[in-house]
Amino acid sequence: MGIGYAWVVLLLGLNVLLVPGTKLHSDRVTKYVPRESLEYASQGPQTTPRLFEGDIAGFNPFHRNALADSTKLWRGGFIPVKLDQTLSSRELISIQNAMLTISRQTCIRFMLRTNHPDFVFIRKSKSKCYSFFGRKGGKQDLNLTSGCLRYEHLIIHELMHALGFVHEHSRPDRDQYIDIHPENIRQGNLKDFEKLPVFILYDLGAPYDVNSILHYEKDAFSKNGKPTITPKDPSVTLGNTRMSTWDVVKINRLYRCSGDQYDIAGPKMPPPPHDQHQSPAHHVPPVGSLLHGVL
């Protein structure tokens, strides 16, 4: 079986990208998708843009509307995507699962890029994992190394940056919940632990979330193996590998998702410390409701 044919079969089985008219049954595509209808790309020369907090490109923390700029949102919550041709079948599975995790709990939909002027190019990288902040306009890279591609939560992390979210630990109210240990942080990464200015805080009415998938883990950028961040609540474990309840709520609020199936109210109280070991009780739309080439 040739490589090109294998890619088509793989995508049919994975349901990563669909085309208009495709019908779904038990998470599988039931219509043949010719290779020419799928958009891939080979890697070209890579240049790493200036990154904020280690993995966010195109973000200016001193822009007064940086977190509340509606032009950074994807229109209608639809995100056209284009895949690097060098991605393996296992890596495609990880990307599919990450997209489905987001789309089944929110109104965000990932779709095949055809002639869309603005789109995300999911690119396999040899150096860094990073994403542009929100919709930048035109083609924007979402780089994933082989290490990041092994884990669904790391892909979700970068996809949430593309949706318009920054790291939780940069909130100006963080000092009530965590302690930063600069003596343990690598010299070149001290800037990645700075707080955002109060005037651009756009928290969507959500409390500080130590369980967020966008929160740095305890030893992020450690120079000596010791913690760089410690929670004030000793029962909390930083570095969630699942979307927290508030992660889902904030996406639905930012994109104004409407309908009973989307959680926009959030819990009455912040999630408990061990929320990362629980599944959020959100309604998941049936697979059959994912229409017209949308994931």
Side-chain angles (χ1 to χ4, degrees), residues 51-59 61 66-69 72-74 77 79 94-95 97-99 101-103 105-106 108 120 128-135 142-144 147-148 151-178 180 189 191-196 200-221 228-231 233 236-255 263 266-267 270-271 273-278 280 282:
L51 300 177
F52 173 71
E53 294 182 348
D55 69 339
I56 307 175
F59 179 75
L67 296 180
D69 184 357
K72 289 287 188 179
L73 300 183
W74 294 89
I79 304 180
S94 296
I95 292 170
N97 289 338
M99 290 179 176
T101 295
I102 293 174
S103 67
Q105 300 180 86
T106 71
I108 299 300
V120 173
K128 280 184 172 288
C129 300
Y130 70 84
S131 171
F132 276 85
F133 172 77
R135 181 176 64 88
L142 191 155
N143 273 30
L144 297 169
C148 287
Y151 302 101
E152 178 187 333
H153 71 279
L154 297 180
I155 301 172
I156 293 173
H157 182 110
E158 299 304 333
L159 287 171
M160 284 193 67
H161 289 325
L163 288 172
F165 292 92
V166 295
H167 296 119
E168 192 75 3
H169 78 275
S170 61
R171 281 177 55 145
D173 59 345
R174 73 175 186 198
D175 293 338
Q176 302 173 51
Y177 306 94
I178 60 171
I180 304 296
N189 294 108
K191 65 182 184 304
D192 298 325
F193 291 80
E194 296 176 357
K195 291 186 288 188
L196 290 172
I200 70 164
L201 177 62
Y202 190 57
D203 60 14
L204 296 163
Y208 190 90
D209 185 12
V210 291
N211 294 316
S212 174
I213 205 167
L214 287 174
H215 202 298
Y216 270 10
E217 61 274 17
K218 67 176 183 179
D219 57 354
F221 300 112
T228 55
I229 305 177
T230 52
D233 181 347
V236 169
T237 300
L238 300 177
N240 201 349
T241 58
R242 301 177 69 172
M243 292 177 71
S244 73
T245 301
W246 283 110
D247 286 333
V248 174
V249 170
K250 287 191 289 188
I251 292 175
N252 284 327
R253 287 181 181 176
L254 183 63
Y255 280 86
D263 187 344
H274 297 292
D275 182 64
Q276 61 263 38
H277 302 302
Q278 303 173 8
H282 300 294

Rounded at 0.5 Å granularity, tell me how far [atom1] in [X] sits from [atom2] in [Y].
{"X": "Ile156", "Y": "Met243", "atom1": "CD1", "atom2": "CE", "answer": "6.0 Å"}
{"X": "Thr241", "Y": "Glu152", "atom1": "OG1", "atom2": "CD", "answer": "9.0 Å"}
{"X": "Ser212", "Y": "Met160", "atom1": "OG", "atom2": "CE", "answer": "5.5 Å"}

Between Leu238 and Pro231, which heavy-atom pair has the shortest distance, and what is it?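 Looking at all heavy atoms of both residues, the shortest contact is CD1-CD, 3.9 Å.
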Non-hydrogen atoms of Arg135 and Leu73 that approach each other most closely: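 For Arg135 and Leu73, the tightest heavy-atom pair comes out as NE-O, 3.0 Å.
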Just say parallel, tilted or perpendicular for the rings of His157 and His167, cut-offs at 30° and 60°. tilted
Angle between ring planes, Tyr216 versus Phe193, binned at 30° and 60°: parallel, tilted or perpendicular?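 Taking Phe193 first and then Tyr216, their aromatic rings stand perpendicular (interplane angle over 60°).
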Excluding sequence neighbours, so at least two apart, what forms side chain to side chain contact (heavy atoms under 4.5 Å, CB included) with [X]?
{"X": "Ser94", "value": "Ile155"}
{"X": "Ala206", "value": "Trp246, Lys250"}
{"X": "Leu154", "value": "Cys148, Tyr151"}

Trace of the side chain to side chain contact (heavy atoms under 4.5 Å, CB included) decision for Phe221 with Asp192: CA-CA 9 Å; Phe221 300 112; Asp192 298 325; 4.3 Å; yes
Residue of the set Ile178, Asp247, Val236 for which side chain to side chain contact (heavy atoms under 4.5 Å, CB included) holds with His215: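 So, applying the side chain to side chain contact (heavy atoms under 4.5 Å, CB included) to His215 and each of Ile178, Asp247, Val236, only Ile178 qualifies.
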Do [X] and [Y] come close enough that some side-chain heavy atom pair is under 4.5 Å?
{"X": "Val210", "Y": "Glu168", "answer": "no"}
{"X": "Phe165", "Y": "Leu204", "answer": "yes"}
{"X": "Ile102", "Y": "Leu159", "answer": "yes"}
{"X": "Leu163", "Y": "Tyr255", "answer": "yes"}

Verdict with reasoning, Leu214 to Val166, per side chain to side chain contact (heavy atoms under 4.5 Å, CB included): CA-CA 7 Å; Leu214 287 174; Val166 295; over 6 Å; no
Please check if the side chain of Asn252 supplies one atom and the backbone of Gln105 the other of a donor-acceptor pair under 3.5 Å. yes
